[in-house]
Colleague: 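So that we are looking at the same thing, I have put the structure below in structure tokens.
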Amino acid sequence: MSKGQDGEIGGEGPIVVWLRNDLRLDDNPPLAAAAETGRPVVPLVVFDEESKDVRQLGGAHKWWFHHSLESLATSFRGKGSQLTLRRGEGAKIVPEVMEEVGADALVFNRRYDEGSRAVDDAVVEALGDDVAVTRYAGNLLHNPDEVETNSGGYYKVYTPFMKTVMKQKRRAPVDAPSGFKQPDSFPKSDKLEDWDLLPTKPDWSGGIRDFWTVGEKAAHDRFADFCDECLGGYDAGRDKPDKDATSRMSPHLRWGEISPIRLWHTANAYAERRKTIPSGDLESFLQELVWRDFNYNLLYNFGPMATKDFNSRFDDFPWKSSKKSLEAWQAGKTGYPIVDAGMRQLWETGWMHNRIRMVVGSFLTKDLLIDWREGERWFWDTLVDGDIASNTAQWQWIGGTGADAQPFFRIFNPITQSERFDKNGDYIRRFVPELKDLPTKVLHAPWDADEETLEKAGVKLGETYPKPIIDHKKARDRALGAYDEVKG
DNA sequence: CCACAATTTAA
DNA sequence: TAAATTGTG
């Protein structure tokens, strides 16, 4: 059985390409390698809710998954091929499909979380020795076991990891195959509609639909626009939630509609061509891609991350469980406009600006003292980009429990953050419309406004908009006190 | 009690 | 966004 990303594909019959978080034709190494052999290619997607320890998709995930598959199926049809959809346990379904088409080779991109790795190993095990399996590394800049410290370990700190990655050679992107040889007959396929991935009554997906275009082509188009309009000035622009100045590649990367290697090369080539992009802006963008690799490095080399504090000192941290506070946070009704704007953006669009993710995360874990796992779970359920590595790593970062985390005692002041990053209040006004007529100087902290100002804007605190559910100063002191208990 | 408007809610 | 629920003349 062959292994590794440069391995030849063994066997001589049809090849099954098992697609997972790589729903694309461009820069997809196993797909390209399979097409290149000239042997029949069978692209397969398995919807697996049965294998143990695999995290179930959240609602927003499912919406994206549906539309991404629709788009991918169209792409394959355009190349004279056909995407096969099957539902069930990976270790049962993959061998079944291979048998059905007489395939003797299986190729796929590696996955890095424990649960998925177990499924992949179980599939390989179930296939036995008559089938050649080749695993590729198509979804990261580097395989996490290929970025080592000088002493042969793995990085727990971002900056040295980033410096090593910047120096490292990485593979060049591979173009989408121009076509695929068909098998004698394609395996039977489920109907996408039967997977029930879309919400029915009520259909809550309108806000998401308005905000996003799903699929490989949309990802490339959006990124081209981003390079034209936002790459120059990215370093400062990315921190302004009221501007549309981030790449918004996160869901496309999450589902693998575009690869990080492709983004890396496209951004570099663009900056090369247009000499006007300041190098610091390009660098900042590339470093965001490195953060994604760093998170996978943590997950793969030190996981699990969704459940266990990276820094075990926090295992005994006195988190509070308050259903009421958690629900107010989830609903965007904390009484802190910047926090509420973020939480409502998430609910409406399936996404939240990264700057604001930090603000709401700090508020949940430090002001409300609620366990970061609660926040992580909510994000997993509501984000279209909820990523097994980045979501967990970022929650541990903001909660202070992670590797190279924000120190727990660094507690964001939601008012200062709001004034600094949403200076004109456009972001708040967009997502918290009941405050839109307040003058900007009181918008960030409406409880400080005088009666007349509130009345003129039609705001009645406690009625049209909540009073703050907690006093930040007191909450800050309480958090520091709680931290004393575990800081040792 | 209805017709329609306004508001809430749904992963 | 749009269905479901609540409010109003």
Side-chain angles (χ1 to χ4, degrees), chain A residues 21 23 47-50 54-71 87 192-215 218 244 248 250-252 254-255 257 306 323-335 337 339-353 356-357 360-361 364 370-388 390-392 394-395 427-437 457-467 469:
Chain A
N21 303 319
L23 306 177
F47 181 29
D48 185 349
E49 292 183 298
E50 288 169 36
V54 170
R55 216 166 166 189
Q56 304 279 306
L57 297 179
H61 276 147
K62 287 184 182 168
W63 180 88
W64 193 287
F65 190 38
H66 178 103
H67 291 290
S68 196
L69 288 175
E70 215 166 37
S71 157
R87 184 176 201 163
L192 182 56
E193 293 68 45
D194 295 340
W195 284 4
D196 292 326
L197 296 167
L198 295 179
T200 46
K201 42 185 182 180
D203 174 7
W204 44 260
S205 65
I208 301 182
R209 202 183 317 141
D210 272 6
F211 197 66
W212 296 103
T213 312
V214 181
D244 188 19
R248 283 214 251 122
S250 56
H252 300 297
R254 156 67 177 82
W255 297 98
E257 294 172 350
K323 195 163 176 268
K324 230 177 116 196
S325 303
L326 178 62
E327 283 173 358
W329 177 81
Q330 291 171 335
K333 291 185 176 165
T334 66
V339 173
D340 294 342
M343 297 309 293
R344 296 187 200 181
Q345 179 179 38
L346 172 60
W347 191 243
E348 280 174 43
T349 69
W351 184 83
M352 197 192 305
H353 189 280
I356 308 303
R357 294 190 196 200
V360 304
L364 183 78
I370 291 176
D371 197 321
W372 61 269
R373 292 165 193 85
E374 293 285 358
E376 197 278 336
R377 251 193 306 252
W378 181 252
F379 271 35
W380 181 262
D381 231 27
T382 51
L383 280 170
V384 290
D385 68 24
D387 181 277
I388 193 80
S390 293
N391 194 42
T392 48
Q394 285 204 277
W395 269 100
Y427 181 73
I428 291 172
R429 288 197 178 88
R430 175 160 169 214
F431 290 105
V432 191
E434 66 266 38
L435 300 179
K436 71 177 187 321
D437 295 327
V459 176
K460 267 211 180 80
L461 289 182
E463 288 178 40
T464 65
Y465 182 73
K467 294 179 180 161
I469 59 170

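Labels below follow one simple rule: chain letters A, B, ... track the order of the sequence lines, proteins then strands, and each chain is numbered from 1. Because the structure is a prediction, the values reported are computed rather than measured.
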Colleague: Starting from C1' on B:dT8, measure out to CD on A:Glu348 and report it in whole angstrom.
Modeller: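 So the two atoms are 13 Å apart, to the nearest Å.
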
Colleague: For A:Arg430, is there an ion pair with A:Asp244 - N to carboxylate O distance below 4.0 angstrom?
Modeller: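 Salt bridge flag = no for A:Arg430 with A:Asp244.
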
Colleague: Looking only at side-chain atoms of A:Lys333, point me to the closest of C:dA2, B:dT9, B:dA11.
Modeller: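 Nearest to the side chain of A:Lys333 among the choices is B:dT9.
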
Colleague: Provide, to the nearest angstrom, the distance between the CG atom belonging to A:Asp196 and the P atom belonging to B:dA10.
Modeller: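 It is 20 Å, rounded to the nearest whole Å.
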
Colleague: Does any N or O donor sit under 3.5 Å from an N or O acceptor when you compare the side chain of A:Trp204 with the base of C:dA2?
Modeller: no

Colleague: Given atom OH of A:Tyr465 and atom C1' of B:dT7, what is their separation to the nearest angstrom?
Modeller: 18 Å

Colleague: In whole angstrom, what separates A:Glu463's CD from B:dT8's P?
Modeller: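 In whole Å, B:dT8 P and A:Glu463 CD are 13 Å from each other.
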
Colleague: Using whole Å, report how far CG of A:Asp203 lies from C1' of B:dT9.
Modeller: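 So the CG-C1' distance, A:Asp203 to B:dT9, works out to 13 Å.
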
Colleague: Between A:Leu346 and A:Trp351, does the side-chain contact (heavy atoms from CB on, under 4.5 Å) criterion hold? Intermediate values first, please.
Modeller: CA-CA 5 Å; A:Leu346 172 60; A:Trp351 184 83; 6.0 Å; no

Colleague: Name the nucleic acid region contacted by A:Thr382, choosing base, sugar-phosphate or nothing; use a 4.0 angstrom heavy-atom cut-off, strictly under.
Modeller: base

Colleague: Can you check whether A:Trp347 stacks with the B:dA10 base, using ring centres under 5.5 Å and planes within 30°?
Modeller: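 The base of B:dA10 is not stacked with A:Trp347 (the test needs centres under 5.5 Å and planes under 30°).
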
Colleague: Atom CH2 of A:Trp64 and atom C1' of B:dA11: how far apart are they, to the nearest Å?
Modeller: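 Interatomic distance, CH2 of A:Trp64 to C1' of B:dA11: 16 Å.
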
Colleague: For the pair made of CD1 in A:Ile208 and C1' in B:dT9, what is the distance, rounded to whole Å?
Modeller: 14 Å

Colleague: For A:Leu198, answer base if it contacts any base atom (sugar-phosphate contacts may also be present), sugar-phosphate if it contacts only those atoms, and nothing otherwise; contact means non-hydrogen atoms under 4.0 Å.
Modeller: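 No contact at all - A:Leu198 keeps every heavy atom at 4.0 Å or more from the nucleic acid.
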
Colleague: Considering every strand and a 4.0 Å limit on heavy-atom distances, what is the contact class for A:Trp63: base, sugar-phosphate, or nothing?
Modeller: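 Here A:Trp63 touches no strand at all.
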
Colleague: CZ of A:Arg344 versus C1' of B:dA10: gap in Å, rounded?
Modeller: 15 Å

Colleague: Kindly indicate whether a cation-pi arrangement holds for A:Arg248 with A:Trp212, taking the cut-offs as under 6.0 Å to the six-membered ring centre and within 45° of the axis.
Modeller: yes

Colleague: Under the 3.5 angstrom rule, does the side chain of A:Trp204 hit a backbone N or O of A:Trp347 as a donor-acceptor pair?
Modeller: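 Not a single qualifying donor-acceptor pair exists.
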
Colleague: Once the angle between the rings of A:Trp64 and A:His252 is folded into 0 to 90°, is it parallel (under 30°), tilted (30 to 60°) or perpendicular (over 60°)?
Modeller: perpendicular

